[in-house]
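Below: one structure, written as structure tokens.
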Amino acid sequence: MYIHPSALVEEGAIIGNGTRVWHLVQVRPGAKIGEDCIIGRGVSGVVIGNRVKVQNYVSIYHGVTIEDGVFVGPHAVFTNDKLPRAITPDGQIKSADDWVVSPTVVRYGASIGANSVLVCGITVGRWAMIGAGSVVTKDVPDYGLVVGNPATLIGYVREDGSRRSVDIHEV
Ligand SMILES: CC(C)(COP(=O)(O)OP(=O)(O)OC[C@H]1O[C@@H](n2cnc3c(N)ncnc32)[C@H](O)[C@@H]1OP(=O)(O)O)[C@@H](O)C(=O)NCCC(=O)NCCS
């Protein structure tokens, strides 16, 4: 395990063997990060499997589960509050208990392209591929390739990321 001197790993966070936590990363209590991961800046309160790569400037919050072997490109954003509001209908600041976490799951081997946004409450399937800059609002099937805003399914990929010549209507 390697933790860069500028990283803040708070008490109660669990980090697996062989994982490297890079500069200015904050890992909050309750976070569970597996073995042999590489963690860039902006991660807090999440569950991360083994051999996961989280590139720099990714924001991952409580309610997100990332399984083994997932790639998360730079500047990707995971949300966890579907209907965010700073204040209640009568104008009071919302407290930490005043909102609902919608869980998001990213399954084994999937890749999240750079600068994507994952609207919470969705599951990204095994080995799925999210194109750079996508806004993902719905579940993505296993091996599915989605792009755009809102992201739509345009095909399927293999484990190495290359396109499969299969029509989206055939699967
Ligand atoms: C926009 C939003 C409020 C809509 O929520 P909703 O009313 O429950 O909407 P739904 O999930 O039913 O989606 C309705 C349609 O809008 C699309 N859509 C939803 N959010 C979208 C977004 N952010 N960008 C583009 N399209 C979006 C959906 O794909 C769906 O399209 P369809 O009718 O063609 O199937 C929500 O999706 C969102 O983006 N919330 C903000 C989350 C956030 O930034 N949180 C920050 C704190 S963590």
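Counting convention: from 1, in listed order, for ligands and their atoms alike.
- Taking every heavy atom of both residues into account, Asn80 and Cys120 meet most closely at C-SG, 3.5 Å.
- Distance alone, capped at 3.5 Å, is enough to place a donor-acceptor pair between the Glu67 side chain and the Tyr108 backbone.
- Contact atoms of ligand 1 toward Val135: 22 (C), 23 (N), 24 (N) (distance under 4.0 Å to a heavy atom of the residue).
- Using a 4.0 Å threshold on non-hydrogen atoms, atom 15 (C) of ligand 1 does not count as touching the protein.
- Taking the six-membered ring where tryptophan is involved, the planes of His4 and His23 are perpendicular, since the angle between them exceeds 60° and thus also 30°.
- Residue-level proximity to ligand 1 for Leu83 is carried by the side chain, the only part with a heavy atom below 4.0 angstrom.
- Numbered from 1 in the order shown, with element, the atoms of ligand 1 that lie under 4.0 Å from a heavy atom of Asn149 read 24 (N), 25 (C).
- Side-chain polar atoms of Ser95 and Asp97 form no donor-acceptor pair below 3.5 angstrom.
- Shown here for Asp142 and Gly125, the closest heavy-atom pair between the two residues is OD1-CA, 3.3 Å.
- Atom 41 (C) of ligand 1 has its nearest heavy-atom neighbour, among Arg85, Lys138, His62, Lys82, in Lys82.
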Mind running side-chain contact (heavy atoms from CB on, under 4.5 Å) on Leu118 and Val64 for me, showing each step along the way?
-> CA-CA 10 Å; Leu118 275 74; Val64 176; over 6 Å; no

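- At least one protein heavy atom sits closer than 4.0 Å to atom 20 (N) of ligand 1.
- Proximity of atom 25 (C) of ligand 1 to the protein is indicated by at least one non-hydrogen atom lying closer than 4.0 angstrom.
- Note on Val54 and Val25: same hydrophobic cluster, where clusters join Ile, Leu, Val, Met, Phe, Trp and Tyr whose side-chain heavy atoms are under 4.5 Å apart, directly or indirectly.
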Give the C-alpha distance, both sets of side-chain angles, the deciding distance and a yes or no for side-chain contact (heavy atoms from CB on, under 4.5 Å) between Trp99 and Arg85.
-> CA-CA 9 Å; Trp99 61 287; Arg85 290 288 197 210; over 6 Å; no

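- Near Asn80, meaning under 4.0 Å from any of its heavy atoms, are these atoms of ligand 1: 48 (S).
- Both Phe78 and Val46 belong to a single network of hydrophobic side chains, linked directly or stepwise wherever heavy atoms of I, L, V, M, F, W or Y lie under 4.5 Å apart.
- Under the 4.0 angstrom criterion, atom 37 (O) of ligand 1 counts as having a protein heavy-atom contact.
- For atom 39 (O) of ligand 1, the closest heavy atom belonging to the protein is Val119 CG2, 3.9 Å.
- Among all protein heavy atoms, the one lying closest to atom 18 (N) of ligand 1 is Thr137 CG2, 3.7 Å.
- For atom 46 (C) of ligand 1, the closest non-hydrogen atom of the protein is Pro84 CG, 3.8 Å.
- Checking atom 44 (O) of ligand 1 against the protein gives a heavy-atom contact under 4.0 Å.
- Nearest protein neighbour of atom 42 (C) of ligand 1, counting heavy atoms only, is Asp81 O, 3.4 Å.
- Counting only heavy atoms, the protein never gets under 4.0 Å from atom 12 (O) of ligand 1.
- Thr19 contributes a side-chain N or O that, together with a main-chain N or O of Gly34, makes up a donor-acceptor pair within less than 3.5 Å.
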